[in-house]
**Student:** 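Here it is, the structure, as structure tokens.
Below, read A as the first sequence line, B as the second, and so on, with proteins coming before strands; counting in each chain starts at 1. Values below: all heavy atoms of this structure, side chains included; hydrogens, waters and symmetry mates excluded.
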Protein chains: 2
Amino acid sequence: MPDSKKQLLFQKQARIAQAIGHPLRLEIVDFLKDGEQCVCDIAEQIGAERSNVSRHLSVMVAAGVLEHRKEGLKVIYRLKCPCILEFFKCMSGMLKQQARESSRLLNEL
Amino acid sequence: MPDSKKQLLFQKQARIAQAIGHPLRLEIVDFLKDGEQCVCDIAEQIGAERSNVSRHLSVMVAAGVLEHRKEGLKVIYRLKCPCILEFFKCMSGMLKQQARESSRLLNEL
DNA sequence: TTACTATATGAGTATATACTCATATAGTAT
DNA sequence: ATACTATATGAGTATATACTCATATAGTAA
């Protein structure tokens, strides 16, 4: 792959990673894994202001993580691709490794 | 799982996602998948200032993505857990989906 | 010792992000 | 029409991040 293309790829991937690199946004993704939801229900679930939630949702739409459609007054958001959930598996692997290491260090004291 | 624990988990996961949510840092991770490297070689590979690379490396160490050891004058960095590479698979899935959608939209014109 | 190399970090600046409040828009219901 | 609801967004502020340059530290080599 040419270098410029690689740069572009890294940029897009970084944008996706950054889009889920916030506790509230991860919580939203986790909530949406069970099905699409409107803004106000998301806001209630995660306990944040609607305007703030709306912005977080925009960030994820811009990065291509979510998509949305209108239904009456409401706007319904859903995961654009379930493959984003793979991320959680990846994270569990990392955190388990970190936990293993911590307990190893503890045992050495 | 209790809510407070979930919050903490989301926070940790977000930190990891954010740690790889930057083009240069993704490029570093990609470079390190083939084996550990010292700061100056990483800096040369990705074409950035050493001090800047050093900071990016610190961010990833703090998030638990990388670990390092000293060898003489050099500091060698490596992936803490190969599971971080799963992230790239996850990303490819997302980007392929986005590409499919773009071409579908194009065909509808 | 001095000179050199690799890395880390303080300080400063520029930019980006997160958040809140107020307001605008769009649809619903009367 | 008015009143209401859901969502988005402009403006302001606070905080975080990325970057650069200069300097400090630690190890190597003469």
**Student:** Do A/C83 and A/C81 have their SG atoms under 2.5 angstrom apart?
**Tutor:**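 Judged by the SG atoms alone, which are under 2.5 Å apart, A/C81 and A/C83 are bridged.
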
**Student:** Is A/Y77 near enough to D/dA8 that one of its side-chain N or O atoms lies under 4.0 angstrom from OP1 or OP2?
**Tutor:** yes

**Student:** Salt-bridge test for A/D30 and A/K33: reply yes if a basic N is under 4.0 Å from a carboxylate O, no otherwise.
**Tutor:**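 Looking at A/K33 together with A/D30, the answer is yes, because their closest N to O distance falls below 4.0 Å.
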
**Student:** Once rounded to the nearest 0.5 Å, what's the spacing between atom CG of B/L32 and atom CD of B/E27?
**Tutor:** 11.0 Å

**Student:** Rounded to whole angstrom units, what separation is found between the NE2 atom of B/H22 and the C1' atom of D/dT17?
**Tutor:** 8 Å

**Student:** Output the rounded distance in Å from CD1 (A/I28) to P (C/dA18).
**Tutor:** 11 Å

**Student:** Out of curiosity, B/M60 CE to B/I28 CD1, how far, rounded to the nearest 0.5 Å?
**Tutor:**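 It is 4.0 Å, given to the nearest 0.5 Å.
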
**Student:** Within this structure, what is the CD-to-C1' distance between A/Q18 and D/dT17, rounded to whole angstrom?
**Tutor:** 9 Å

**Student:** Determine the minimum heavy-atom distance between B/A19 and B/A63, stating which atoms define it.
**Tutor:**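 What the structure gives for the nearest pair is CB-CB, 3.5 Å.
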
**Student:** Between A/K70 and A/R25, which is nearer to the 5' end of DNA chain C once each is assigned its nearest nucleotide?
**Tutor:**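 Looking at DNA chain C, the more 5' nearest nucleotide goes with A/R25.
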
**Student:** Nearest whole angstrom, please: distance from the C1' of D/dT17 to the CE of B/M60.
**Tutor:**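 To the nearest whole Å, that distance equals 15 Å.
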
**Student:** In this structure, how many angstroms lie between the C1' atom of C/dA8 and the CG atom of B/L66, rounded?
**Tutor:** 16 Å

**Student:** If pairs are Watson-Crick or G-U with both distances under 3.5 Å, what is the dot-bracket string of DNA chain C, marking crossing pairs with [ ] and pairs to another strand with |?
**Tutor:** ||||||||||||||||||||||||||||||

**Student:** Between atom CD1 in B/I42 and atom P in C/dA6, what is the gap in whole Å?
**Tutor:**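 Answer to the nearest Å: 14 Å.
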
**Student:** I'd like to check A/E67 versus A/R78 (side-chain heavy atoms, cut-off strictly below 4.5 Å). Are they in contact?
**Tutor:**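 A/E67 vs A/R78: side chains touch.
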
**Student:** I want to verify a distance call: between D/dA18, D/dT7, C/dT28, whose nearest atom is closest to the A/V75 side chain?
**Tutor:**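 Nearest listed nucleotide: D/dT7.
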
**Student:** Which nucleotide in the set C/dT7, D/dA8, C/dT17 lies at the smallest distance from any side-chain heavy atom of A/V39?
**Tutor:** D/dA8

**Student:** Round to the nearest Å and state the distance from B/K74 atom NZ to D/dT28 atom C1'.
**Tutor:**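 Result: 12 Å.
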
**Student:** Please round to the nearest 0.5 Å and tell me the distance separating atom CG of A/L66 and atom CD1 of A/I76.
**Tutor:**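 These two atoms lie 13.0 Å from each other.
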
**Student:** What's the NE2-P distance between B/H68 and C/dA8, to the nearest Å?
**Tutor:** 7 Å

**Student:** Have a look at A/E71 and say if it touches a base, only the backbone sugar-phosphate, or nothing, with a 4.0 Å heavy-atom cut-off.
**Tutor:** nothing

**Student:** Where along residues 48-59 of chain A does a heavy atom come under 4.0 Å from DNA chain C, residue by residue in number order?
**Tutor:** A/E49, A/S51, A/N52, A/R55, A/H56

**Student:** For A/R25 and A/H56, indicate whether the former's side chain and the latter's backbone hold a donor-acceptor pair under 3.5 Å.
**Tutor:**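 Between the backbone of A/H56 and the side chain of A/R25 there is no qualifying donor-acceptor contact (under 3.5 Å).
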
**Student:** Just how far is it from atom NZ of A/K12 to atom CD of B/Q98, taken to the nearest 0.5 Å?
**Tutor:**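 Reported value, rounded in 0.5 Å steps: 6.0 Å.
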
